[in-house]
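Here is the structure we will look at, set down as structure tokens.
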Amino acid sequence: MIELRPQTIEEARAQLSQLGREKKTCAFLGSGTKLMLGALPRTDAQLRTAGLARIVEYEPADQVVSFEAGIALAALQNALAKERQRLSLDPPFAAKATLGGIIAAASSGPRRMRYGAVRDLILGVSIVRSGGELARSGGKVVKNVAGFDLPKLVCGSLGTLGLIAAATIRVHPLPEAEASLIVRSLSSEQVPQLLDKIRAAQIEPAAMVASRTGPDRWDVAVLFEGFEAGVKQQEAKLRAVAPADRCDPWADHAALRERGELRLKISALPTALPQVESELFSRLPGARAAWYPTLGLGFVSMDAAPIAAELEFARRSFRVVVEAAPAGSTLDRWGPPPQSLRLQKAVKARLDPEGLLAPGSFVGGI
Amino acid sequence: MPPRTESQDRRAPPPHDLDEQKPGGTQAHFESPSKRLPAEVIARFCAAVGEENVIREPEDLRVYEADGLATYRVTPGVVLLPATSEEVSQVVKIARAAGLPIVARGAGTGLSGGAMPVAGCALIGLSRMKKFLEVDLRNAFVRVQPGVTNLDVSKHIAADGWYYAPDPSSQSVCTIGGNVAENSGGAHCLKYGFTVNHVLGVRMVLSDGEIVTIGGPTLDEPGYDLLGVVVGSEGLLGVVTEVVLRILRKPEATRTFFATFPSNEEAGNAVSAIIASGIVPAAIEMMDTLAIVAAKAATGVDWPEVGSALLMDVDGPLAECEHTSQRAIELARQCGAMEIRVPRDTAERELMWKGRKSAFAAVGRISRNYLVQDGVIPRKEIARVLKEISDLGTKYGLRVANVFHAGDGNLHPLVLFDARVPGEEKKAEEMSGDILRICIRYGGSITGEHGVGSDKSAYLGEMFSEPDLEAMAQVRCAFDPDNVLNPGKVFPTPRLCGDKPGIYKPHAAELSGQAERV
């Protein structure tokens with residue numbers, strides 16, 4: 001295995017150019033927080049982005065920041081905080097994960113409810129293609145429709161289209177105030193009903209997470225962010241809709257997203273929680289589960305167990321992706337492929353014609 | 001191709017309160033009419049969509065020969081008006097078999113020639129496809145056909161207290177299909193994002209007629225984010241036949257104010273100060289003297305003819321709105337605002353917005369002709385760039401009106417000229433191009449919301465390098481290897497996809513059964 005640690009994008013280009021000439025396969029690695037099942041295929045070479053960690057340009061007045069992709073989210077947040085700004089992404093492994101890894105895995109957290117996912121915040125990207133060519137797309141302004149939007153295409157591409165070398169992303173002001181409240185012990189029917197009430201009352205949380213406390217029992221955490229006056233008013237309005245207490249559930253939630261030998265991600269309609277409860281959560285004894293009520297995304301964390309049958313059963317009704325599994329697991333990571341698989345393969349074949357980048361690790365064997 | 005020209009229209013106010021008026025096309029450049037299609041091809045189209053939905057008489061085809069960029073006209077070979085995804089698929093297959101290029105069209109309000117026909121093409125008009133297929137408020141989405149207009153989405157769900165956020169100025173006529181093709185923005189996208197942030201899924205017909213679904217009401221379909229690249233692909237990747245849109249609950253409150261300043265510099269500083277304070281305005285729009293004069297002439301708003309004006313919305317929870325609007329007003333005063341007006345009621349607020357939204361069309365009242373430009377710069381450079389544009393005006397001897405989305409640095413300079421004066425149109429076109437070069441020089445973009453289309457493809461090559469464009473072109477090749485969808489648009493030089501890429505080789509893990517390919 002060849003290990004590459006480029007210190008500049010130019011160096012990375014030279015390395016990928018050489019690998020391309022020698023027809024050697026390569027995978028990219030940030031801080032390694034998402035080395036899940038199949039995510040890092042066996043390749044001739046491995047390129048680590050740790051040496052590409054500079055902030056290239058940061059204009060607080062424009063609320064955009066450009067950086068090399070090996071920079072850690074935590075380091076970037078520190079720099080932004082000095083200007084009372086932040087990247088409004090709260091993916092798992094926030095302490096360690098690199099931006100390149102977060103973009104490549106399209107990793108997101110509860111604040112996606114208000115601020116969107118990486119794909120909604122990214123403005124521009126520079127990728128090094130297999131063969132070493134540098135291709136830029138997007139830009140460094142928040143509004144731009146010139147050319148195809150490759151920054152979105154690379155979100156979630158897991159290093160199969162090119163090395164995400166640098167990117168530009170939109171940042172937000174740090175909120176002046178925040179408050180977290182919890183509404184306890186709801187059934188899976190009542191969770192979407194609480195959301196109906198919140199919407200009817202025109203309450204605008206920044207994030208919501210339902211945590212499973214037992215069979216068909218859920219505690220719903222609601223986060224408010226903004227100016228003091230607004231946060232106070234919203235807190236009062238929520239208490240008028242449902243009994244709610246102050247709480248701080250976010251570290252627990254992060255642990256659920258980060259730990260457990262076996263981790264699953266569910267995608268369904270927001271109102272499908274009762275079905276997800278009965279067809280998956282209730283069939284996995286000992287599993288911890290969380291649900292994002294507006295996004296229809298669920299997460300399971302558990303110890304290793306044979307769950308192939310449960311997975312197959314659940315996949316008849318909704319999407320389940322295996323986000324992490326013990327080494328040697330034979331679980332089908334992605335489940336049924338998207339209907340667009342032919343297009344997916346064509347995109348891969350066009351952007352990496354020799355199939356040198358992280359081959360075999362992506363959806364449908366891409 | 002040079003930028004569009006708009007002609008004066010003194011007869012009546014524009015039919016819609018667009019800031020993107022349909023141009024009059026005084027200087028239209030016609031292509032020679034293409035030869036008629038063989039009868040058997042027409043017969044096949046008729047069998048697919050019904051005779052009444054196949055437009056082939058030369059005088060009828062002329063209706064479709066331009067979009068909002070009306071200075072350039074090309075006659076299509078035939079216009080098809082399908083009603084379903086399946087009909088679109090059939091039409092694409094017939095067109096392919098007949099060797100015709102294919103161009104899709106919504107309402108034809110685009111300002112970059114994206115829906116302009118290619119000579120002799122099969123033009124697929126999606127105006128008959130205007131059904132609401134599904135409305136699911138609890139799951140916050142609607143599924144619509146592409147011919148539904150932008151404003152009709154919000155109207156359809158308004159009674160229940162919901163709306164669709166992207167609001168291009170042409171929203172009363174432009175279609176969702178066109179919005180998807182162009183990744184349309186609008187005044188309120190600063191806070192809420194663009195079309196791409198509100199499209200959850202599409203059904204689309206590919207260049208070979210295959211119907212494919214990408215995304216859907218549920219999030220995070222495994223695989224590449226094809227949706228992210230389809231939205232804004234200007235009709236080069238497929239014909240979208242269904243769209244799943246994310247909808248939003250209406251905010252509790254909206255607060256609006258209008259502020260006047262001695263010059264663009266103070267107004268630009270106020271925008272920066274407001275944004276720097278942590279406020280995310282729902283919209284923050286800026287107009288200079290000429291634009292104010294034009295808006296007054298067109299709509300009767302009683303705005304003072306000052307150097308510069310801001311119109312700003314904040315929305316959200318009531319207490320938050322009260323706080324942020326007061327704070328923004330304070331900041332505007334500190335930056336030199338001369339007068340602040342807060343609308344007393346909804347009617348007055350709507351009039352203020354009408355003044356802003358009709359500003360493009362209104363410029364027709366103060367100039368015989370004008371070019372609409374659409375460029376983006378980093379927000380903090382607003383004052384400096386406006387100064388450079390003003391200097392350009394002096395150099396070329398032309399007036400410039402500025403109306404723009406200040407919050408995201410999206411400029412819409414309007415270059416005024418008189419086409420009757422020999423050489424003046426050419427000067428205006430050159431100056432308009434120079435404005436784009438200023439945007440590129442400041443690290444911005446040649447288009448924030450109008451698209452590249454036919455109009456700006458030459459400038460795309462100034463903004464991006466050859467390898468940048470090559471990567472984008474490869475994506476097009478993945479979707480449309482034979483280059484039959486909207487050919488000649490967006491990319492500056494004709495590109496062939498070349499040989500089919502290498503044969504797919506199974507990975508070792510796949511062969512050993514650890515991973516499977518479907």
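Any value given below was found using the heavy atoms of this structure, including those in side chains, with hydrogens, waters and symmetry copies removed. So you know, we letter chains A, B, ... as the sequences are listed, proteins then strands, and number each from 1.
For a residue to count as touching a neighbouring chain, one of its non-hydrogen atoms must lie under 4.5 Å from one of that chain's; by this rule B/Leu236 touches chain A with the side chain only. Using a 4.5 Å cut-off between heavy atoms, B/Ile214 touches chain A through its side chain atoms alone. Using a 4.5 Å cut-off between heavy atoms, A/Ala200 touches chain B through its backbone atoms (N, CA, C, O) alone. With a 4.5 Å cut-off on non-hydrogen atoms, A/Leu295 touches chain B through its backbone and its side chain both. Neither the backbone nor the side chain of B/Val230 has a heavy atom closer than 4.5 Å to any heavy atom of chain A. Proximity to chain A is limited to the side chain of B/Thr324, based on heavy atoms less than 4.5 angstrom apart. Heavy-atom distances place the side chain of B/Leu206, and not its backbone, under 4.5 Å from chain A. Both the backbone and the side chain of B/Arg476 come within contact range of chain A, each with at least one heavy atom under 4.5 Å from a heavy atom of that chain. Contact of B/Arg249 with chain A is made through the side chain alone, with heavy-atom distances under 4.5 Å. Residue B/Glu182 touches chain A through its backbone alone, counting heavy-atom pairs closer than 4.5 Å. At a 4.5 Å heavy-atom cutoff, the contact between B/Phe194 and chain A is made by side-chain atoms alone. The contact between A/Arg136 and chain B is made by backbone and side chain atoms together, counting heavy-atom distances below 4.5 Å. Residue contact with chain A, scored on non-hydrogen atoms closer than 4.5 Å, involves the backbone and the side chain of B/Ile279 alike. Of the two parts of B/Leu248, neither the backbone nor the side chain holds a non-hydrogen atom closer than 4.5 Å to a non-hydrogen atom of chain A. Heavy-atom distances place both the backbone and the side chain of B/Thr213 under 4.5 Å from chain A. For a residue to count as touching a neighbouring chain, one of its non-hydrogen atoms must lie under 4.5 Å from one of that chain's; by this rule A/Arg199 touches chain B with backbone and side chain alike. Heavy-atom distances place the side chain of B/Leu460, and not its backbone, under 4.5 Å from chain A. B/Asn183 touches chain A through backbone and side chain together, each having a heavy atom under 4.5 Å away.
Among the candidates B/Phe464, B/Phe141, B/Trp162, the residue making the largest number of heavy-atom pairs closer than 4.5 Å to chain A is B/Phe464. Your options are A/Arg114, A/Gln202, A/Lys143, and the one with the most heavy-atom pairs under 4.5 Å with chain B is A/Lys143. With chain A as the partner, the residue from B/Ala273, B/Ser445, B/Gly375 showing the most heavy-atom pairs under 4.5 Å is B/Ser445. Per-residue counts of heavy-atom pairs under 4.5 Å with chain B were compared for A/Gly138, A/Gly230, A/Ala229; the largest is that of A/Gly230. Ranked by heavy-atom pairs under 4.5 Å with chain B, the list A/Lys152, A/Gln344, A/Arg170 is led by A/Gln344. Chosen from A/Leu269, A/Ile203, A/Val231, the residue pairing most often with chain B at heavy-atom distances under 4.5 Å is A/Leu269. For the options B/Ile446, B/Ile377, B/Leu318, heavy-atom pairs under 4.5 Å to chain A are most numerous at B/Leu318. Counting heavy-atom pairs under 4.5 Å between each of B/Ile275, B/Asp136, B/Asp160 and chain A puts B/Ile275 at the top. Of all the listed residues (B/Val196, B/Val490, B/Val280), the one sharing the greatest number of non-hydrogen pairs under 4.5 Å with chain A is B/Val196. Interface check for chain B: of the options A/Val347, A/Leu174, A/Val64, A/Thr294, the most heavy-atom pairs under 4.5 Å are formed by A/Val347. Residue with the most contacts toward chain B among A/Gly147, A/Ala117, A/Gly116: A/Gly147 (heavy-atom pairs, distance under 4.5 Å). When each of B/Glu322, B/Lys250, B/Glu470 is checked for heavy-atom pairs under 4.5 Å with chain A, B/Lys250 comes out on top.
Here the OG atom belonging to A/Ser361 is positioned 7.5 Å from the CZ atom belonging to A/Arg333, to the nearest 0.5 angstrom. Here the straight-line distance linking atom OG of A/Ser107 with atom CD of A/Glu323 works out to 7.5 Å at 0.5 Å rounding. Atom CD of A/Gln193 is separated from atom CZ of B/Arg138 by 6.0 Å, given to the nearest 0.5 angstrom.
A donor-acceptor pair under 3.5 Å links the side-chain atoms of A/Gln339 to the main chain of B/Ile211, judged by distance alone. A distance-only check finds no donor-acceptor pair linking the side chain of A/Glu228 to the backbone of A/Glu176 [under 3.5 Å]. Judged by distance alone, the side chain of B/Asp374 and the main-chain N or O of B/His450 form a donor-acceptor pair under 3.5 Å. A donor-acceptor pair is defined here as one N or O able to donate and one able to accept, closer than 3.5 Å; such a pair exists between the side chain of A/Asp62 and the backbone of B/Arg379. Although no hydrogens or angles enter the test, the distance criterion places a donor-acceptor pair under 3.5 Å between the side chain of A/Arg319 and the main chain of B/Leu219. In this structure, B/Asp468 contributes its side chain and A/Ser137 its backbone to no donor-acceptor pair below 3.5 Å. A donor-acceptor contact shorter than 3.5 Å is absent between the side chain of A/Lys237 and the backbone of B/Pro317. Side chain of B/Lys456 to main chain of B/Ser112: no donor-acceptor pair is present (N/O by atom type, distance under 3.5 Å, no hydrogens or angles). A donor-acceptor pair under 3.5 Å links the side-chain atoms of B/Glu221 to the main chain of B/Gly215, judged by distance alone. Although no hydrogens or angles enter the test, the distance criterion places no donor-acceptor pair under 3.5 Å between the side chain of B/Glu234 and the main chain of B/Lys489.
Geometrically, B/Arg327 does not engage A/Phe227 in a cation-pi contact defined by less than 6.0 Å to the ring centre and at most 45° from the axis.
Ion pair A/Glu59/A/Lys140 not flagged as a salt bridge, since none of the NZ, NE, NH1 or NH2 atoms sits closer than 4.0 Å to an Asp/Glu carboxylate oxygen.
Side-chain contact check for A/Thr160 and B/Tyr224: at least one donor-acceptor pair (N or O, by modelled atom type) lies under 3.5 Å.
A/Phe148 and B/Phe491 have perpendicular rings, their planes meeting at more than 60° on a 0 to 90° scale where under 30° would count as parallel.
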